[in-house]
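Below you'll find the structure, written out as C-alpha cells, and then a few comments.
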2 protein chains.
Amino acid sequence: MRFEAITIKDIAKALGLSTSTVSRALRDSHEISPKTKEIVIKYAKENNYRPNPIALSLKEKRSSSIGVVVGEIANSFFSQAINGIESIAHEKGYNVIIAQNKEQLEREISALQFLASRSVDGILLSVSTQTSDFDHIKQLYERSMPMVCFDCVVDFEGIHKVIVDNTKAAFDGTEHLIKKGFKNIACVASSSNLSITKERVKGYIEALQKYQLPVHESNIQYINHGGVILEEISEAMQQLLSQKNKPDALIVCSDRVTTNVMRYCQENKIQIPDQLGMIGFSNIDLTDLLTPSLSVLRQPAYEIGRTAADLLIKMIESKRPITEFETVVLTSNLIERNSSVPKKK
Amino acid sequence: MRFEAITIKDIAKALGLSTSTVSRALRDSHEISPKTKEIVIKYAKENNYRPNPIALSLKEKRSSSIGVVVGEIANSFFSQAINGIESIAHEKGYNVIIAQNKEQLEREISALQFLASRSVDGILLSVSTQTSDFDHIKQLYERSMPMVCFDCVVDFEGIHKVIVDNTKAAFDGTEHLIKKGFKNIACVASSSNLSITKERVKGYIEALQKYQLPVHESNIQYINHGGVILEEISEAMQQLLSQKNKPDALIVCSDRVTTNVMRYCQENKIQIPDQLGMIGFSNIDLTDLLTPSLSVLRQPAYEIGRTAADLLIKMIESKRPITEFETVVLTSNLIERNSSVPKKK
DNA sequence: AATTTTTACGCAAACGATTTCGGTTTAAAT
DNA sequence: ATTTAAACCGAAATCGTTTGCGTAAAAATT
C-alpha cells in the first residue's frame with residue numbers, strides 16, 4: 001500500500017495508453033475495445049491496482065465514511081450500538097470513524113469539529129449528559145451536514161432521531177414493581193437536564209398515578225455527575241433510605257447508575273428484593289448472573305445503531321434535500337428476573 | 001460543511017489574490033507581507049475556512065487516520081482497548097476507523113483490505129480466533145503498511161506487538177488456586193490455535209509442575225468455536241466434571257468463556273468456591289458484583305490500546321524505516337475475590 | 001545614479017482519479 | 001463515391017492544496 005501504490009498513470013505508461021483509456025477500461029466503458037480492456041484489466045489485476053479512495057473523494061466530494069460521537073466507547077450500550085452502526089455501514093460500503101465526548105460539552109464540540117473537518121459524509125450523535133445548549137449541533141446541521149441523533153437526542157425539531165420509548169419503559173418498569181406488590185417506589189435517575197431522564201421520570205410518575213400511589217418528590221434522586229463516583233450514588237441512596245417513609249423498591253433510570261446502586265446495596269447489606277425491590281435500565285451482559293439476578297429494562301442498542309445508521313446513509317445518498325424528519329421509536333425490553341420479585345409474601 | 005465548504009480558491013477570488021498567496025498567508029509564510037496575511041486570515045476566520053483534509057491527504061499521501069481491527073466491538077476487552085487507542089489517536093491528531101473481524105478469517109481479510117484500500121496510515125490488529133494462516137497479514141505488511149498487533153498476535157517476527165504476559169498470568173492464577181488449597185485444577189481455554197491460548201495453557205501447566213501436581217490432559221478443555229454457544233461450554237464442563245477424579249477448581253483462560261462457565265455453574269447449581277474454585281480471565285466491569293464475587297485475571301486493556309497506538313503512530317511518523325521491532329509485554333492483574341477462596345477449610 | 005538585494009506575490013505543476021469534449025480511424029449506409 | 005455513424009482513444013479540466021520557480025517593485029547597497 002505504502003510504497004508500491006500503483007496508479008492509473010503507471011498502468012497507462014506501462015501499456016502505452018492514456019490515463020483516460022485506462023480509467024475507462026477499468027470502469028468497463030463501452031467506448032473501449034474488448035482487447036484493450038482485457039489488457040488493461042489483466043495488468044491491473046496482476047499489479048494489484050486499487051483506485052486511490054482519497055483521489056476519488058476529492059473528485060466526488062464524498063468520503064464514504066460516517067462519524068459517530070458517543071459518550072464512551074467502553075460502555076455496553078454504546079459499544080452495542082456501534083456494533084449495529086458498523087454492520088450497516090459495512091453493508092453499504094462506509095467506514096465508521098469514532099469519537100467520544102466523554103460526557104463533556106467541550107469534548108463534544110471538538111469531536112464534532114474534528115469529524116466535520118475530516119469531511120465525513122454524515123454524523124451519528126448521542127449528545128453528552130452535560131449538553132443542554134445545542135448551538136454547536138445546530139450550526140453544523142444548518143451547514144447541511146447530514147446528522148441523525150440517537151439515544152440522547154437534541155430537543156429541537158427538523159432532525160432524524162432514533163430513540164427508545166423511555167417514558168413507556170420507565171412506566172413498564174414501575175408498573176412491574178407495583179404489580180409485584182411494592183408500594184413505595186423510589187427513582188434514581190441520571191442528569192436532570194437530559195431528555196431521556198425527563199422522559200423516564202415522567203414514565204415513573206405516570207405509573208404511580210395510574211395506580212393511585214402518591215408521588216413524593218423526595219423519592220426522586222438525580223445523579224448529575226455521571227454516577228461514576230460511588231460517593232454520588234451513596235449520597236442519593238442515603239437520602240432515599242433515611243426518610244421516615246422508606247421506599248421498598250427502586251427503579252434506576254440510568255445504565256451506569258444501575259450497577260453502582262447494586263454495589264451500594266451490596267456494600268451496605270441491603271437485601272434485594274426483600275428489603276428493596278429493584279429494576280434498572282442496563283445493557284450489560286452479565287446482569288443475569290448477579291444474585292439476585294437483576295431485572296432490567298434493556299434497550300435494543302444494536303437495533304438503535306442499525307436504524308440510525310440506515311437513516312443517516314439514506315439521508316446522505318438522497319438526491320433531494322430531506323424535508324421530513326422521522327423520529328423512530330423503538331421499544332425497550334423488560335426482562336423480569338429476581339431482583340423485582342419478593343421471595344416471601 | 002456540505003454546501004458552504006469555502007476553499008482557498010474562494011478566498012483568493014474574493015480578495016483578488018492568487019491561491020498560492022492565500023495558502024502561504026494562512027500558513028504564516030515569511031514571504032507574505034503582514035498586511036496581506038492579516039487580510040487573508042481575517043477573511044478566512046470570518047468565513048470559517050477549514051482546509052479540506054482530503055485534498056491534503058492526496059497531496060501529502062497520508063490520511064491522518066488509523067484503522068483498528070478487532071473481533072467484536074461489543075466486547076469489554078476490545079472496547080476498553082479501543083478507548084485507549086482513541087485517547088492516543090486523539091492526542092496526536094489521528095482519527096480511528098474501526099472494523100470487526102467477527103472472529104472469522106474471511107471477515108478479517110476483507111476488513112484489512114477495506115482499511116488498506118481506504119488508505120489509512122497504519123493498522124492496529126488483533127487477529128481473529130479463526131486465524132492460523134497469516135499470509136494476508138504478511139502481504140499487507142510487506143507492502144509496508146505500518147502495523148502493530150495487540151492481544152491476539154501473529155506468530156512471525158518483524159512486527160511490533162503489544163501483549164500481556166499470558167503465561168505468567170495463567171501461572172499466577174493457577175498458583176493462586178494452589179495456594180488456596182485446591183489440588184486438582186482444571187483449565188478451560190479458548191481456541192487451541194491461538195497463541196494466547198497456548199501461552200496461557202503453558203502457564204497453567206508450569207504452575208502445576210512447580211508445585212509437583214500431576215498434569216492431566218483430560219483436565220484441559222479447548223473451546224474452539226468462540227464460546228458464544230452455551231452448548232459448547234456445557235459439553236466441556238461435563239467432560240471435566242464427569243471424570244472419576246473430579247477437579248476441585250477451574251481456571252478459565254478466555255474472557256468470553258468465563259462468563260458462560262459461570263452461567264453453566266449457576267444453572268447446574270455447582271457451588272463456587274466450595275464445590276469448584278474458580279478464577280478466570282475477564283475484563284467485564286461487573287464481576288465484583290457476582291455471588292460469589294469472581295476472582296479474575298484482568299488485562300490492562302486500556303493500556304494495551306494506548307501502547308499499541310503509540311507504537312503505531314511512532315512507526316507512521318518515523319523518518320527512516322523501522323528495523324527493530326518491539327514486543328511490549330504488559331502484566332495482567334490478579335484480582336482476588338471470593339470465587340477462589342474456599343469458605344470452609 | 002547604477003547596481004544588487006530583498007520583499008511580495010503570481011504562475012503552474014503536482015497529488016490520482018474521472019469525465020467532457022474532441023479527433024481520428026474504420027466500417028456501414030446511402 | 002460520398003456521407004454517416006460507430007468505435008476507439010487522447011488532451012485537458014477538475015477536485016483543493018502546496019510549493020518550486022519566476023518576476024516585478026521596493027529597498028538597500030555601492
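Protein chains get the first letters and strands the later ones, always in sequence-line order, with residue 1 at the start of each. These numbers were taken from a predicted model, which means no experiment stands behind them.
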* Asked: At under 4.0 Å between heavy atoms, what does B:I54 touch on the DNA or RNA strands: base, sugar-phosphate, or nothing?
  -> nothing

* **Closest nucleotide among C:dA17, C:dG10, D:dG10 to the B:S20 side chain** => C:dG10

* Nucleotide D:dG16, atom C1' - distance to CD of A:E60 in whole Å -> 15 Å

* Counting side-chain heavy atoms from CB outward, which of D:dT17, C:dC9, C:dA17 is closest to A:Y49? -> C:dA17

* Would you state whether a donor and an acceptor, one from the side chain of B:R50 and one from the base of D:dG16, lie under 3.5 Å apart? => no

* Asked: Shortest non-hydrogen contact from A:I6 to A:Y49?
  -> O-CD1, 3.3 Å

* Let me know the distance between NZ of B:K13 and P of C:dG10, rounded to the nearest Å. => 15 Å

* Contact class for A:S57 (heavy atom, under 4.0 Å): base, sugar-phosphate, or nothing? -> nothing

* Asked: Do any side-chain nitrogens or oxygens of A:T21 fall under 4.0 Å of OP1 or OP2 in D:dG10?
  -> yes

* Asked: Is the phosphate of D:dC8, meaning OP1 or OP2, less than 4.0 Å from a side-chain N or O of A:K35?
  -> no

* Any A:S23 side-chain nitrogen or oxygen under 4.0 Å from OP1 or OP2 of C:dT18 -> yes

* To do: Test for a donor-acceptor pair under 3.5 Å between the base of D:dC9 and the side chain of A:E31, counting only N and O atoms.
  => yes

* Taking only side-chain nitrogens and oxygens of A:K61, does any of them come within less than 4.0 Å of OP1 or OP2 of D:dT14? -> no

* Determine: side-chain N/O of B:T36 to OP1/OP2 of C:dC9, distance under 4.0 Å, yes or no. => yes

* For A:S33 and D:dC9, is the shortest distance between a side-chain N/O and OP1 or OP2 below 4.0 Å? -> yes

* Asked: Should the ring pair B:F78 and B:F150 be called parallel, tilted or perpendicular, given that the plane angle runs from 0 to 90° and is split at 30 and 60?
  -> perpendicular

* Decide, yes or no, whether a salt bridge links B:K314 with B:D310 under the criterion of side-chain N to carboxylate O below 4.0 Å. => yes

* **Whole-Å distance separating the NE2 atom of A:H30 from the P atom of D:dC9** => 13 Å

* **Short side-chain N/O contact from B:S18 to OP1 or OP2 of C:dG10, under 4.0 Å** => yes

* **Whether over 12 other heavy atoms sit under 6.0 Å from A:E38 CD** => no

* Asked: Do other residues, nucleotides or ligands put more than 12 heavy atoms under 6.0 Å from B:K92 NZ?
  -> yes

* Asked: Ignoring hydrogens and angles, does a donor from either the side chain of A:R24 or the base of C:dT20 sit under 3.5 Å from an acceptor on the other?
  -> yes

* Send over the distance from A:K59 NZ to D:dG16 C1', rounded to a whole Å. => 12 Å

* **Gap between atoms CG and P, on B:L26 and C:dC9 respectively (whole Å)** => 13 Å

* Nearest to the side chain of A:P34 - D:dC9, D:dC8, D:dT18? -> D:dC8

* Asked: Can a side chain N or O of A:R27 be found less than 4.0 Å away from OP1 or OP2 on C:dT18?
  -> yes

